> 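Structure in structure tokens, see below.
Keep in mind it's a predicted model, so treat the numbers as computed, not measured.
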Amino acid sequence: MGFYGTLVIARSDTLLPHLPEVQSAFGTRVLWPYRRDDGWQLLELLSPFGHQWPTVGAGPAPLAEATGAPALAVWVSESSCLQYAAATPDGRSWTAHFADEADADVEGLIARGVQLPEGRCGYDHHEFCTLRLPEGVDVPPDDQAALAGNLLEWAAAAGLDTTAERILDALGTTTDETAIYALVAALGLEPLAPVEPLFDFDERDWRDAYRRGENESTRVCREWTSRGEQLPDYDQPLPGAAEFVKFLDLVAASRFGGGLTRAQLQAEAQRLVDAYPKP
């Protein structure tokens, strides 16, 4: 199983995980930020927390407007699909799609006559994608030459010196995150230095509170996908559910500074566990 999440390329003096336009569009489960001295950053995010799925999906347009620089985002569906979205501060934007032509599972479905809901790709880009497409809008047809042309125009708007040939060579035929790292090199954005997190998400210091938050966060997602149908009694929120979910957000907001310290997170976790004993 490959990477499942979002890669964002943008330029900002502020570390990207701290920008509300990043948090609202792509979630807060940041794995790694990488940055250069000139402000360009590459952000690697895991798929959003469950409770964030109902609201993510705005794409890079608000980020481009807020930073005054072009922004590019790519949703990676394991190793079978890349969904692109790009925007410039003047309001121009585009989307593109590239699926793995050698995906045996998709080929097998097609061979058996199964009609995939989104054409060539079996992933749901209308719901579980941080570059969400509106209902009724089809996934753009795969066109690597057009994608390279769009990326070349985006690079020109960003003041980056590259060529369509270099971009095509970087993209190759891969559909996982390695294509994006190759694209970063083709755009001349290396070297990028990683920003080390202060701690992991699920630390021993607050593991009980964090995992209870994850359970409640997943329950929120199940409720969202239930389309208004009543969930069974055993799947109702437990006491303190909202506070445990908020604790996930506190941890995520603090991993790269600017939030709570380890000691403060540990104290908040203990407060929650004491206030809401397990049933």
> Apply side chain to side chain contact (heavy atoms under 4.5 Å, CB included) to Arg219 and Leu238, showing your working.
CA-CA 10 Å; Arg219 193 203 61 79; Leu238 297 175; over 6 Å; no
> Kindly assign one of parallel, tilted or perpendicular to the pair Phe201 and Tyr210, based on the angle between their ring planes and the thresholds 30° and 60°.
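Ring orientation, 0 to 90° scale: tilted.
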> Could you check whether any side-chain heavy atom of Arg271 comes within less than 4.5 Å of a side-chain heavy atom of Phe247, counting everything from C-beta outward?
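Arg271 vs Phe247: side chains apart.
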> What I'd like to find out is whether the side chain of Gln83 reaches to under 4.5 Å of the side chain of Leu133, using heavy atoms alone.
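Yes, close enough: below the 4.5 Å cut-off.
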> Return yes when atom CG of Asp13 has more than 12 non-hydrogen atoms of other residues, nucleotides or ligands closer than 6.0 Å, and no otherwise.
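At most 12 heavy atoms, drawn from other residues, nucleotides or ligands, come within 6.0 Å of this atom.
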> Side-chain contact, heavy-atom cut-off 4.5 Å: Glu223 with Pro54?
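Glu223 does not reach Pro54 side chain to side chain.
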> For Cys81, does its backbone N or O pair with a side-chain atom of His97 as donor and acceptor, under 3.5 Å?
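Absent.
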> With a 3.5 Å distance limit and no angle check, can you tell me whether Thr67 reaches the backbone of Leu63 through a side-chain donor-acceptor pair?
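Yes: the side chain of Thr67 pairs with the backbone of Leu63.
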> For the backbone of Val56 and the side chain of Arg132, can you confirm whether one donor and one acceptor N or O come within less than 3.5 Å of each other?
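Yes, because the side chain of Arg132 sits within donor-acceptor range (under 3.5 Å) of the backbone of Val56.
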> Measure across Ala87 and Ala61 and return the closest heavy-atom pair with its distance rounded to 0.1 Å.
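Taking Ala87 first and Ala61 second, the nearest heavy atoms are CB-CA, 3.5 Å.
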> Measuring only between side-chain heavy atoms, which start at C-beta, is Pro70 closer than 4.5 Å to Pro89?
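They are in side-chain contact.
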> For Phe128 and Thr225, what are the C-alpha separation, side-chain angles and deciding distance, and is it a side chain to side chain contact (heavy atoms under 4.5 Å, CB included)?
CA-CA 10 Å; Phe128 288 105; Thr225 56; 3.7 Å; yes
> Between Leu171 and Leu151, is any pair of side-chain heavy atoms under 4.5 Å apart?
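Yes. Closest side-chain heavy atoms under 4.5 Å.
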> Please tell me whether Phe244 and Trp206 are part of a single hydrophobic cluster in this structure, the criterion being side-chain heavy atoms less than 4.5 Å apart.
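Linked within one cluster.
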> Leu15, Phe26: one ILVMFWY side-chain cluster at the under-4.5 Å cut-off?
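Yes; tracing contacts between hydrophobic side chains, which count when under 4.5 Å, links both residues.
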> Taking the basic N atoms (NZ, or NE/NH1/NH2) and the acidic carboxylate oxygens, is any pair closer than 4.0 Å for Arg262 and Glu203?
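A salt bridge is present here (some side-chain N lies under 4.0 Å from a carboxylate O).
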> Walk me through it: do Leu183 and Leu72 pass the test side chain to side chain contact (heavy atoms under 4.5 Å, CB included)?
CA-CA 11 Å; Leu183 176 62; Leu72 172 69; 4.0 Å; yes
> Partners of Ser24 by side-chain contact (heavy atoms from CB on, under 4.5 Å), sequence neighbours excluded?
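Applying side-chain contact (heavy atoms from CB on, under 4.5 Å) to Ser24 gives none.
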> If every non-hydrogen atom of Gln236 is compared with every non-hydrogen atom of Leu231, which pair is closest and at what distance?
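The answer is NE2-O, 2.9 Å.
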> Once side chain to side chain donor-acceptor pair (under 3.5 Å) is applied, do any residues pair with Thr14, and if so which ones, sequence neighbours excluded?
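Partners of Thr14 under the side chain to side chain donor-acceptor pair (under 3.5 Å) test: none.
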> Any side-chain to backbone donor/acceptor pair from Arg36 onto Glu190? Under 3.5 Å, distance only.
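Side chain of Arg36 to backbone of Glu190: a pair is present.
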> Distance check, rounded to the nearest 0.5 Å: Leu16 atom CG versus Trp40 atom CH2?
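Rounded to the nearest 0.5 Å, the CG-CH2 separation comes to 10.0 Å.
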> Atom CD of residue position Glu65 - does it have more than 12 heavy atoms of other residues, nucleotides or ligands inside 6.0 Å?
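Incorrect, the count does not exceed 12.
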> Taking the side chain as every heavy atom from C-beta outward, state whether Phe3 and Glu44 have any pair of such atoms under 4.5 Å apart.
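Counting from C-beta outward, Phe3 and Glu44 do come under 4.5 Å.
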> Given Phe256 and Glu196, is the side chain to side chain contact (heavy atoms under 4.5 Å, CB included) satisfied, shown in steps?
CA-CA 7 Å; Phe256 298 97; Glu196 296 285 343; over 6 Å; no
> Kindly check if the number of other-residue, nucleotide or ligand heavy atoms within 6.0 Å of CG (Asp90) is above 12?
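Yes, enclosed.
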> Honestly curious: do Trp224 and Val220 fall in one hydrophobic cluster under the side-chain, below-4.5 Å linking rule?
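As far as the 4.5 Å side-chain criterion goes, Val220 and Trp224 are not connected within one cluster.
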> Does any donor atom in the side chain of Gln41 or Ser12 lie under 3.5 Å from an acceptor atom in the other side chain?
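Looking only at side-chain atoms, Ser12 and Gln41 do not form any donor-acceptor pair under 3.5 Å.
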> For residues Asp205 and Gln266, report the shortest heavy-atom separation together with the two atoms involved.
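Answer, listing the atom of Asp205 first, then Gln266: O-CG, 3.6 Å.
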> Working to the nearest 0.5 angstrom, can you tell me the gap between Arg29 CZ and Gln23 CD?
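Atom-to-atom, Arg29:CZ and Gln23:CD are 15.0 Å apart.
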> Is it true that Leu168 and Ile180 fall in one hydrophobic cluster, defined by side-chain heavy atoms closer than 4.5 Å?
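No.
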> Using only atom types and a distance under 3.5 Å, with no angle test, would you say the side chain of His51 pairs donor to acceptor with the backbone of Lys246?
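No; zero donor-acceptor contacts below 3.5 Å.
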> For the residue pair Trp154 and Tyr84, is the inter-centroid distance of their aromatic rings smaller than 6.0 Å?
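Not close enough - the centres of the two rings lie 6.0 Å or further apart.
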> Is Leu45 reachable from Leu250 through a run of I, L, V, M, F, W or Y residues, each pair having side-chain heavy atoms under 4.5 Å apart?
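Not linked; separate clusters.
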> For residues Ser47 and Trp75, report the shortest heavy-atom separation together with the two atoms involved.
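Closest heavy-atom pair between Ser47 and Trp75: CB-CH2, 3.9 Å.
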> Does the Arg255 side chain pair with the main chain of Leu198, one donor and one acceptor, at a distance under 3.5 Å?
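Flag not set: sc Arg255 to bb Leu198 has no pair under 3.5 Å.
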> Output the distance between atom CD1 (Ile167) and atom CG (Leu187), rounded to the nearest 0.5 Å.
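Atom-to-atom, Ile167:CD1 and Leu187:CG are 6.0 Å apart.
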> Would you call Arg227-Glu127 a salt bridge at under 4.0 Å N-O?
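Judged by the 4.0 Å cut-off on N to carboxylate O distance, Arg227 and Glu127 do form a salt bridge.
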> Please, which pairs that meet salt bridge (charged side-chain N to carboxylate O under 4.0 Å, His left out) have at least one residue in residues 157-172, sequence neighbours excluded?
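Every candidate salt bridge (charged side-chain N to carboxylate O under 4.0 Å, His left out) pair involving residues 157-172 fails, so no pair, neighbours aside, qualifies.
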> Gln52 side chain to Phe49 main-chain N or O, any donor-acceptor pair under 3.5 Å?
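Yes; judged by distance alone, with no hydrogens or angles, the pair exists.
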> Can you give me the closest heavy-atom contact between Gly27 and Pro48, atom names plus distance?
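For Gly27 versus Pro48, the nearest heavy atoms are CA-CB, 4.4 Å.
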> Distance check, rounded to the nearest 0.5 Å: Arg207 atom CZ versus Glu214 atom CD?
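Here the interatomic distance stands at 10.5 Å.
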> Strictly distance-based, threshold 3.5 Å: is any side-chain N or O of Asp124 a donor or acceptor partner for the main-chain N or O of His126?
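Looks like yes, one N/O pair under 3.5 Å.
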> With rounding to the nearest 0.5 Å, note down the distance linking CZ in Arg211 to CG in Leu248.
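The CG atom of Leu248 is 12.0 Å from CZ of Arg211, to the nearest 0.5 Å.
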> Between Val76 and Leu82, is there a side-chain heavy-atom distance shorter than 4.5 Å?
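Side chain of Leu82 against side chain of Val76, heavy atoms only: contact under 4.5 Å found.
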> Heavy atoms only: give me the nearest Leu260-Ser254 pair and the separation to one decimal.
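Where Leu260 meets Ser254 most closely, the heavy atoms are N-OG, 2.8 Å.
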> Roughly how far apart are Leu189 CG and Ile9 CD1, rounded to 0.5 Å?
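So the gap between those two atoms works out to 6.5 Å.
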